[in-house]
Amino acid sequence: MRQVFLEKGAIAVKEVCQPSLDEHSVLVSVHYSCISAGTESATIAGASQNPLFNNIPIKVKKVLASLAKNGVQGTRALIKGRLAGNIQALGYSCSGRVIAVGSKIRRFKVGDYVACAGAGLASHADIVAVPENLVVLVEKDVLREVSMTTIGSIALQGLRRADVRLGETVCVLGLGLLGQITVQLAKLSGCRVIGSDIMQNRLDTAKDLGADAVYHAVDDDLEKEVNRLTQYHGVDCTIIAAASKSDVLVQQAMTITRKKGKVVVVGDVGLKLQRDPFYKKEIDFLISCSYGPGRYDSEYENQGIDYPYQYVRWTENRNMQAFADLLKQKKLKTELLMKNIPIADATRGYDMVKNKEAFAVVLDYLPKEEELYQPAQVIESFDLDLPVTFTPAARDIRVGFVGVGGFAQAKLMPVVSKIGAVKINAIVDSDITSAIKVSRACGARKVLIRDHELFSEDLVDAVVIASPHKYHCEQIMRALTHGKAVFVEKPMVTDFKQLDVLSGFLRAHPDAPFCVDYNRSFAPFMQKIKREVEKRKSPLSVHYRMNAGLISKNHWVQTDVGAGRIIGEACHIFDLFCYLTEAEPVSVSVETVRPAHDNVFPTDNFSAQISFSDGSICTLLYTALGHDASGKERMEVFYDSKSIIMDDYRTLKGYGLTPGFDEQTLTQDKGHQALLHRFFSSVRSGGPAPINFDRLNTVAELTLTIDQLACQGGGTYDFA
């Protein structure tokens, strides 16, 4: 399909894969998409500047933080990805016809005509996948006009923030597309409307669309004219719909607004306020947030959780619907604001906007063949008796990455790319822009959106899965049943049902080249500790503290997609305990914090004590409440009148051991490199996997059990 990108400052129409459809989204065949003269022009202007020389102090701070977290190699990879991937998807307002709906969608059906919103979602593309709260039903006969619904809802939200009343006087500063719509909405609200801009054609258009008076921002004395019109009271409300880095517009708004009036900022303007007019007039200064309540709330936008109508009358979705209804009722005039061009001429469309030849340019995708959505063939259940052959690679191992977020880019890809006779050949990510960027940085030949497509042709021998945790098990099974070797960034499962399926397959195929990224046991410090504790006579007493750092409840890791931090991260340490003891868990006891507020999660703040069959006890204290300067990970091991302390994989000290045991390093090594090398070596030779199946299964069961106990506030469990 066709999609418009900004690449190295130039507009490019590229052929890319169709977007994937999740359970909360609808798939839309786009008929029209609207280029906004404001937001998109600012995006292009920003891209034309050399990003290397913007915000230098902030960039230095980010690089230093990355060096501390990811090391030199990981930081270099992230920077390389940013520099190589100077590409951005454009568009955030479109309209078209629904061709598929997610499993949890109830408001839409195939064949509905809709308007869509959202940067990175409602793009300039033949097909878009948009969450349902950013989609509204429309009539086919206004499909072209409603392609500007996103911009209209922004204008409508600005007017709602102003809370204008019948008979009041409103001044709109900036008469671009947003301002022209605001003028009409204010008139529909029963207000007297004044418009101001620096371009005469915009003033003329505003007058044609109903403005009671218009003034040139430079040639006319706006303050004097407003005083004359309002008997020297000033306007009741000033709405700033312009885009300017200058603070002049804000000061001008304060000057022309009456005492105890309102100034509402809708556009992107400088916000340095002079105190006197603001203070003496007691003006209410308000910011209008995009489309309305719900914007930037991931639960609302991505999971379809609506705000109650009784308490939030106008959400972003209800604003979108209201604007679309006004277009349907012919209460807004758009013919003076929109110009059509075909999608193939997108570059010319952006030139028209840049040269101010149009308020908005509508990209026309018609005529087009009606797309038929063909869902990927997903195997809902796997036949464990199905013969699967795993053949050692007789050539360079071709690797496909499924999911290329920050961890994959900083930790996994730099290591894989340096392993001899291993080549990253394909990238799969639901974000096509991110996938293109990363593919260029690593030299991958193929870019895909859906992991199902990875196996439709002979592209890879091995798969590295680094997608959100919820999808790991299904993706593992698809890869394994296609005979591919699999390395999965932990966890391998997020519930017991998944564990039953995957365990069943691995028991039936004990030769499967499969590994989970439990890297801690492959760290040089841990290898050194293991060599010492193997000589022990007594059980081990191990205490591990992980100062994990606070993440918000809206972070994806805290949702069902991430499955929480016990399943997503603490599993590392449970595997380490099994590795050091070489014993089976016998029982586990879990205690959690009992917070008074919901920003502190029990699954982020817990203590788990595990008893092992050899008599060892291992405790993990996991907390999100500490200060990051105290270090993230510390382990203390006690046995045979000896003690070992490992601090953040930087220092290692033994008590009762030979002096040569102690070690200190400036570079953290948590074992990623050693584990990945072992994995690809086993893939090549057909030898045993780096971590045996029994240990993987034990760690998964232990992790899921501890997660359940923590979710219920603590408790104990004895393993039969």
Side-chain angles (χ1 to χ4, degrees), residues 33-45 91-94 115 117-119 122 145-162 164 170-189 191 193-199 201-211 214 217 237-246 249-250 252-253 262-271 286-292 295 316 319-320 322-324 326-327 332-339 352-354 356-362:
S33 63
C34 183
I35 301 175
S36 164
T39 301
E40 295 193 73
S41 293
T43 299
I44 295 170
Y92 66 106
S93 187
C94 66
E145 290 82 354
V146 296
S147 67
M148 67 160 62
T149 292
T150 305
I151 300 95
S153 65
I154 294 171
L156 190 52
Q157 175 62 14
L159 208 64
R160 296 201 193 286
R161 289 288 283 158
V164 295
V170 175
C171 182
V172 180
L173 299 182
L175 295 173
L177 178 61
L178 191 62
Q180 300 291 348
I181 296 173
T182 302
V183 165
Q184 295 185 71
L185 293 173
K187 285 298 293 181
L188 286 173
S189 301
C191 297
V193 182
I194 300 168
S196 176
D197 200 280
I198 59 173
M199 295 179 62
N201 70 311
R202 292 184 175 184
L203 298 174
D204 296 339
T205 301
K207 192 71 174 174
D208 291 341
L209 295 178
V214 293
C237 175
T238 300
I239 298 176
I240 304 176
S244 171
K245 297 302 179 184
S246 170
L249 285 171
V250 173
Q252 188 178 55
K262 298 172 186 172
V263 172
V264 179
V265 176
V266 181
D268 181 10
V269 296
L271 295 177
L286 305 170
I287 300 291
S288 178
C289 181
S290 198
Y291 324 152
R295 188 67 178 130
E316 62 179 330
N319 275 338
M320 290 172 62
F323 183 79
L326 289 173
L327 291 172
L332 295 171
K333 300 176 182 178
T334 60
E335 60 272 11
L336 297 178
L337 304 178
M338 309 173 77
K339 289 188 178 180
M352 292 170 65
V353 168
K354 179 182 178 181
K356 297 184 172 53
E357 298 174 30
F359 291 96
V361 171
V362 175

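Just so it is clear, the structure is predicted and the values come from calculations on it, not from any experiment.
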**OP:** Check the pair Val250, Val263 against side-chain contact (heavy atoms from CB on, under 4.5 Å), reporting the backbone distance first and the verdict last.
**Re:** CA-CA 8 Å; Val250 173; Val263 172; 5.7 Å; no
Using a 3.5 Å cut-off and no angle test, enumerate the donor-acceptor pairs between side-chain atoms of residues 171-186 and protein atoms at least two apart in sequence or in another chain.
{"unit_1": "Gln180", "atom_1": "OE1", "unit_2": "Ala206", "atom_2": "N", "d": "3.3"}
{"unit_1": "Gln180", "atom_1": "NE2", "unit_2": "Leu175", "atom_2": "O", "d": "2.9"}
{"unit_1": "Gln180", "atom_1": "NE2", "unit_2": "Arg202", "atom_2": "O", "d": "3.0"}
{"unit_1": "Thr182", "atom_1": "OG1", "unit_2": "Leu178", "atom_2": "O", "d": "2.8"}
{"unit_1": "Gln184", "atom_1": "OE1", "unit_2": "Lys333", "atom_2": "N", "d": "2.7"}
{"unit_1": "Gln184", "atom_1": "NE2", "unit_2": "Lys333", "atom_2": "O", "d": "3.1"}

Original post:
Where is the tightest heavy-atom contact between Phe359 and Leu336, given as atom of each residue plus distance?
Top reply: CD1-O, 3.7 Å
Original post:
Just by modelled atom types, is the Ala115 backbone N or O under 3.5 Å from a matching donor or acceptor in the Thr149 side chain?
Top reply: no
**OP:** First locate atom CD of Gln252, then atom OG of Ser246, and finally report the distance between them rounded to the nearest 0.5 Å.
**Re:** 10.0 Å
Original post:
Distance-only, no hydrogens or angles: does the Lys339 side chain make a donor-acceptor pair with backbone N or O of Glu357 under 3.5 Å?
Top reply: yes
Original post:
Going from OG on Ser36 to CD1 on Ile151, what distance comes out if it is rounded to the nearest 0.5 angstrom?
Top reply: 5.0 Å
Subject >> Interatomic distance, Cys94 atom SG to Ile35 atom CD1 [nearest 0.5 angstrom] >> reply: 12.5 Å
**OP:** Hey, could you give me the OG/CE distance between Ser147 and Met338, rounded to the nearest 0.5 Å?
**Re:** 4.0 Å
Original post:
Roughly how far, to the nearest 0.5 Å, is CG of Asn319 from CD of Gln157?
Top reply: 5.0 Å
Original post:
Which atoms form the tightest heavy-atom contact between Val266 and Gly158, and what is the distance?
Top reply: CG2-CA, 3.7 Å
Original post:
So, for Ala242 and Val269, which heavy atoms are closest and what is the spacing to 0.1 Å?
Top reply: O-CG1, 3.4 Å
Subject >> Worked check of side-chain contact (heavy atoms from CB on, under 4.5 Å) between Tyr291 and Leu156 >> reply: CA-CA 8 Å; Tyr291 324 152; Leu156 190 52; over 6 Å; no
**OP:** Count the heavy atoms belonging to other residues, nucleotides or ligands that lie under 6.0 Å from CG of Leu271, then report whether that count exceeds 12.
**Re:** yes
Original post:
Does Ser189 reach the main-chain N or O of Cys191 with its side chain, forming a donor-acceptor pair under 3.5 Å?
Top reply: no
Original post:
Atom CG in Asp204, atom CG in Leu209: separation rounded to 0.5 Å?
Top reply: 11.0 Å
Original post:
When you measure from the side chain of Lys262 to the backbone N and O of Cys237, does any donor-acceptor pair fall under 3.5 Å?
Top reply: no
Subject >> Distance-minimising heavy-atom pair for Gly267 and Val265 >> reply: O-CG1, 3.3 Å
